[in-house]
Colleague: 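Pasting in a structure now, in structure tokens, and then I'll have a few things to ask.
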Protein chains: 2
Amino acid sequence: MAETDGRAGRPAPRKRADARRNEQTLLDAAARVFVASGVEAPVRDIAAEAGVGMGTIYRHFPTRADLIIAVYRHQVEACAEAGPALLASGLAPHAALTRWTDLFVDFLVTKHGLAGVMRSGNPGFEGLHEYFLDRLLPVCAQLLEAAEAAGEIRTDISAYELMRGAGNLCVGIEDDPDFDARRMVGLLTAGLLRPLTG
Amino acid sequence: MAETDGRAGRPAPRKRADARRNEQTLLDAAARVFVASGVEAPVRDIAAEAGVGMGTIYRHFPTRADLIIAVYRHQVEACAEAGPALLASGLAPHAALTRWTDLFVDFLVTKHGLAGVMRSGNPGFEGLHEYFLDRLLPVCAQLLEAAEAAGEIRTDISAYELMRGAGNLCVGIEDDPDFDARRMVGLLTAGLLRPLTG
DNA sequence: GAGCATACGGAGCGGCGTTCCGCTTCGCAA
DNA sequence: TTGCGAAGCGGAACGCCGCTCCGTATGCTC
């Protein structure tokens, strides 16, 4: 919330060298642990992997969510930027929306358990939920509006619902070979299409 | 699994009176606690509400899932029976499927957190997932097949995926007034419809 | 080099699910 | 009615978790 404080002056007093080093070490260690054990891995494991104490993690990343956000920031950014790009690519809006949703889902399913943790009301992860929404909701909304404006889809579904729905569909995929989240999200976007019959 | 043992003879040695009493007490207490705090309520709370010790719960219901199953058995049964009834009611198969899905979703969303816990891979709840599948999957499959046979819907979605998808969409609804699970599941079933265009 | 703000480590707290075992109670048989 | 083995009970205790707190160590500045 008050990370860089934004406002006047330069209140960030520059971190100590060992602190900056540790932060990077933690990010690397967390990334490794997330791949190996999923994003729900015990904080202790991450601390151990990084060779630091518990306190160090919590000082750099006050909540688990902050750590996860930091680890995946780049990829979320890429997903956010893909939205406008797809719209500008000449694809029909609904097709662009579908493609973008696929990207979003791919991002989620390739991170063990990220989806499960991203849903709202999951204690300790509210910040993650918020971050995803802040960053990706406008993108999704833009795609949705374009498709609505083109008359391709129904207008009673909000961007939030679509993202939340797609996210939910990706929960708990890792240990279930019989469930293809991508196809189900495809069903969801297909369901958006305005029925041709009256 | 080996509850009544099914097989020959009568190996169930009839329970003691106090045991039967306690089982009922527990069921009632659990139902109350589930309503008040959701199905993820601490086992201790249920024990306290029932006025029994921890051991008593675990003896009667070896896993949390067993307790939940016992509490909701009637309602699951009703949902299962609604499937054939809807098909026989003269509704078009896809309409019947949609209605049934609504019933299923209603059942899930009216129980705090049931959906979240029903997904596979949730430690301590595997049995619950299994039970829902055993009981409701055939029903869903029957509805799906009828709609497929009528040529109303696409054929590349399995009953399991549909149920799992609907279930997933209901996860974490309780604290999110902006997300209408019923409408999203409606999108899913609408997406099943065979597109009228080539 | 001295002194202090900054950062570190990990013991410790409270909450969870689950197990285990000494004690109590039931109900059958004598 | 009484005695006794088995069935059932309660809750302390264990291990795992996220998270906090504070005595100690370290980097930075003067």
Side-chain angles (χ1 to χ4, degrees), chain A residues 2-3 5 10-27 29-30 33-34 37-69 113 116-117 121-129, chain B residues 3-5 10-27 29-30 33-34 37-69 112-113 116-117 121-128:
Chain A
E3 185 165 310
D5 206 14
R10 183 103 323 111
R14 185 132 175 289
K15 281 186 189 168
R16 253 169 54 175
D18 56 342
R20 251 173 307 134
R21 224 181 309 125
N22 262 327
E23 184 164 335
Q24 193 54 52
T25 304
L26 270 171
L27 283 172
V33 172
F34 288 168
S37 320
V39 292
E40 307 207 63
V43 181
R44 278 171 176 82
D45 289 1
I46 300 171
E49 172 77 21
V52 305
M54 306 280 308
T56 303
I57 286 203
Y58 280 97
R59 190 161 335 90
H60 287 288
F61 307 99
T63 74
R64 247 188 140 67
D66 294 320
L67 180 54
I68 300 176
I69 290 170
V117 120
N122 209 346
F125 296 98
E126 301 84 0
L128 188 60
H129 188 243
Chain B
E3 184 164 310
T4 53
D5 206 13
R10 182 103 323 113
R14 187 135 173 287
K15 281 187 193 168
R16 254 165 57 170
D18 56 343
R20 250 173 308 135
R21 226 179 310 124
N22 262 326
E23 183 164 334
Q24 193 54 50
T25 305
L26 270 171
L27 249 39
V33 172
F34 288 167
S37 320
V39 291
E40 308 207 61
V43 181
R44 276 173 178 80
D45 290 2
I46 300 171
E49 172 77 22
V52 306
M54 306 281 309
T56 303
I57 286 203
Y58 281 96
R59 190 160 338 88
H60 287 290
F61 306 99
T63 75
R64 251 185 136 70
D66 294 321
L67 180 54
I68 300 176
I69 290 171
H112 293 202
V117 119
N122 210 343
F125 295 98
E126 300 84 1
L128 188 58

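Side-chain atoms are counted along with the backbone in the values below, which use heavy atoms only and exclude waters and symmetry mates. Residue numbering restarts at 1 for every chain, and letters A, B, ... go by the order of the sequence lines.
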Colleague: Supply the atom-to-atom distance A:T63 OG1 to A:I68 CD1, rounded to the nearest 0.5 angstrom.
Modeller: 8.0 Å
Colleague: Among the nucleotides C:dC8, C:dG27, C:dG17, which one has an atom lying closest to any side-chain atom of B:P42?
Modeller: C:dG17
Colleague: In whole angstrom, what separates B:H60's NE2 from C:dT18's C1'?
Modeller: 17 Å
Colleague: Got A:F125 and A:V39 here, is their nearest side-chain heavy-atom distance under 4.5 Å?
Modeller: no
Colleague: Can you give the first and last nucleotides of DNA chain D, 5' to 3', that have an atom under 4.0 Å from a heavy atom of chain A?
Modeller: D:dC17 to D:dC28
Colleague: I'd like to know if the side chain of B:R64 and the backbone of B:E40 have a donor-acceptor N/O pair within less than 3.5 Å.
Modeller: yes
Colleague: Give the rounded distance in Å between these two atoms: CD of B:E126 and P of C:dG17.
Modeller: 15 Å
Colleague: To the nearest angstrom, how far is B:R59 atom CZ from C:dG22 atom C1'?
Modeller: 13 Å
Colleague: Between B:P62 and A:R44, name the one whose nearest nucleotide on DNA chain C is closer to the 5' end.
Modeller: A:R44
Colleague: Would you say the side chain of B:H60 lies within less than 4.5 Å of the side chain of B:Q24, judging by non-hydrogen atoms?
Modeller: no
Colleague: Given atom CG of B:N122 and atom C1' of C:dG17, what is their separation to the nearest angstrom?
Modeller: 13 Å
Colleague: Quick check: does any side chain N or O of A:N122 sit under 3.5 Å from a backbone N or O of A:G116, one acting as donor and the other as acceptor?
Modeller: yes
Colleague: Any Lys/Arg nitrogen of A:K15 or A:E23 sitting under 4.0 Å from an Asp/Glu carboxylate oxygen of the other?
Modeller: yes
Colleague: Quick one: B:R20 CZ to C:dC26 P, roughly how many Å, whole number?
Modeller: 13 Å
Colleague: Taking the side chain as every heavy atom from C-beta outward, state whether A:F34 and A:I46 have any pair of such atoms under 4.5 Å apart.
Modeller: yes
Colleague: Which residues in residues 45-58 of chain B have a heavy atom closer than 4.0 Å to any atom of DNA chain D?
Modeller: B:G51, B:V52, B:G53, B:M54, B:G55, B:T56
Colleague: Out of A:L67, A:I57, A:V33, which one pairs with A:V43 under the side chain to side chain contact (heavy atoms under 4.5 Å, CB included) rule?
Modeller: A:I57
Colleague: For A:T25 and A:N22, does a side-chain donor sit closer than 3.5 Å to a side-chain acceptor?
Modeller: no
Colleague: Distance check needed: C:dA7 P versus A:R14 CZ, whole Å only.
Modeller: 12 Å
Colleague: Just checking A:R64: base, sugar-phosphate only, or nothing, at a heavy-atom cut-off of under 4.0 Å?
Modeller: sugar-phosphate
